[in-house]
Number of protein chains: 2
Amino acid sequence: MSLSQIQYFVAIAEEGTVGKAAARLAISQPPLTRQLRLLEEELGTALFARGPKGMALLPAGERFLVHALRILAEVNAARRTVFCSREPSADPLLSS
Amino acid sequence: MSLSQIQYFVAIAEEGTVGKAAARLAISQPPLTRQLRLLEEELGTALFARGPKGMALLPAGERFLVHALRILAEVNAARRTVFCSREPSADPLLSS
DNA sequence: AGTGTTTACGGCGACCGTAAATATG
DNA sequence: CATATTTACGGTCGCCGTAAACACT
């Protein structure tokens, strides 16, 4: 499991179709489908039900989504927590 | 930032030296040092103070560690939450 | 029909390992 | 002195893109 796969999963869950998620992520559909399949295989469970109208979260997917969002939120929090402790203007890219 | 980098950081923080962390992670020192450097560069801040006795967490590193542990815990929770929802004996590897 | 899935292929980048030299404190 | 860091090299693996065929509802 990688952070990319988690982001991909969240995008599909929020967009409702693989096509829209792929557009939002700026990647093509086959790699996105592949990564979702790899994630589901690693977890040993399907996360979505596939239908002609798009992807619908299964119960396992809904529970997984809760944790996925927490993980991404924690990653952002981790970034912020060190960002706020930088030496003022220590980074030339930020002082311009 | 990748989950591997987070695991590497936690291992160094807990072991106290890059050498012991590398042994625990079953990788060699240069890749581990590289990944830590890449993480610190991405964050824009050093996380450890380097000394002859090993690695000491800086304040930014201590705060980052809190989030790092939460991330890894959430990942495990995400795994469990779908693991417990499998179809009974659906996976042949588990029914043997 | 419209969506997702799969295959095949190729290319690019990431990561690792080893080995050795170089800081740092 | 013991530790970490860096360099250089090479090999392997992962991920992506494209294109096309296939499957499902």
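Just so you know, these numbers come straight off a predicted model, no measurement behind them. These values consider heavy atoms only, across backbone and side chains, with no hydrogens, waters or symmetry-generated copies. Per chain, numbering begins at 1; letters A, B, ... match sequence-line order.
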Check each residue of residues 50-64 of chain A for a non-hydrogen atom within less than 4.0 Å of any atom in DNA chain C, then write out the ones that pass by number, or none.
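Correct list: A:Arg50, A:Pro52, A:Met55.
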A:His67 and B:Ala78: which non-hydrogen atoms are nearest, and at how many Å?
CB-CB, 3.5 Å
Minimum-distance pair of heavy atoms, taken over all atoms of B:Thr45 and B:Ala60:
CG2-CB, 4.1 Å
Please find the earliest and latest nucleotides of DNA chain C, in the 5' to 3' direction, that have an atom within less than 4.0 Å of any heavy atom of chain A.
C:dT3 to C:dA8
Please work out which residues in residues 4-27 of chain B have a non-hydrogen atom less than 4.0 Å from an atom of DNA chain D and list them by number.
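Result for residues 4-27 of chain B: B:Thr17, B:Val18, B:Gly19, sorted by number.
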Is there a side-chain contact between [X] and the phosphate of [N], meaning an N or O under 4.0 Å from OP1 or OP2?
| X | N | result |
| --- | --- | --- |
| B:Thr33 | D:dT5 | yes |
| A:Gln35 | D:dC16 | yes |
| B:Gln29 | D:dT5 | no |

Counting any heavy atom closer than 4.0 Å, what does B:Arg34 reach on the DNA or RNA strands: base, sugar-phosphate only, or nothing?
base
Within this structure, what is the CG-to-C1' distance between B:Leu47 and D:dT5, rounded to whole angstrom?
16 Å
Starting from C1' on D:dG14, measure out to CZ on A:Arg37 and report it in whole angstrom.
14 Å
Between B:Phe48 and B:Phe9, how do the two ring planes meet: parallel, tilted or perpendicular, split at 30° and 60°?
tilted
Check this for me, if you would: do B:Arg34 and B:Glu40 make a salt bridge, where the nitrogen-to-carboxylate-oxygen distance has to be below 4.0 angstrom?
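Result for this pair is no, no salt bridge flagged.
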Quick one: do A:Arg70 and A:Glu74 make a salt bridge, cutoff under 4.0 Å?
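Here A:Arg70 does not pair with A:Glu74 in a salt bridge, since their nearest N and O are not under 4.0 Å apart.
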Among A:Val10, A:Leu47, A:Leu69, whose side chain to side chain contact (heavy atoms under 4.5 Å, CB included) with A:Phe64 holds?
A:Leu47
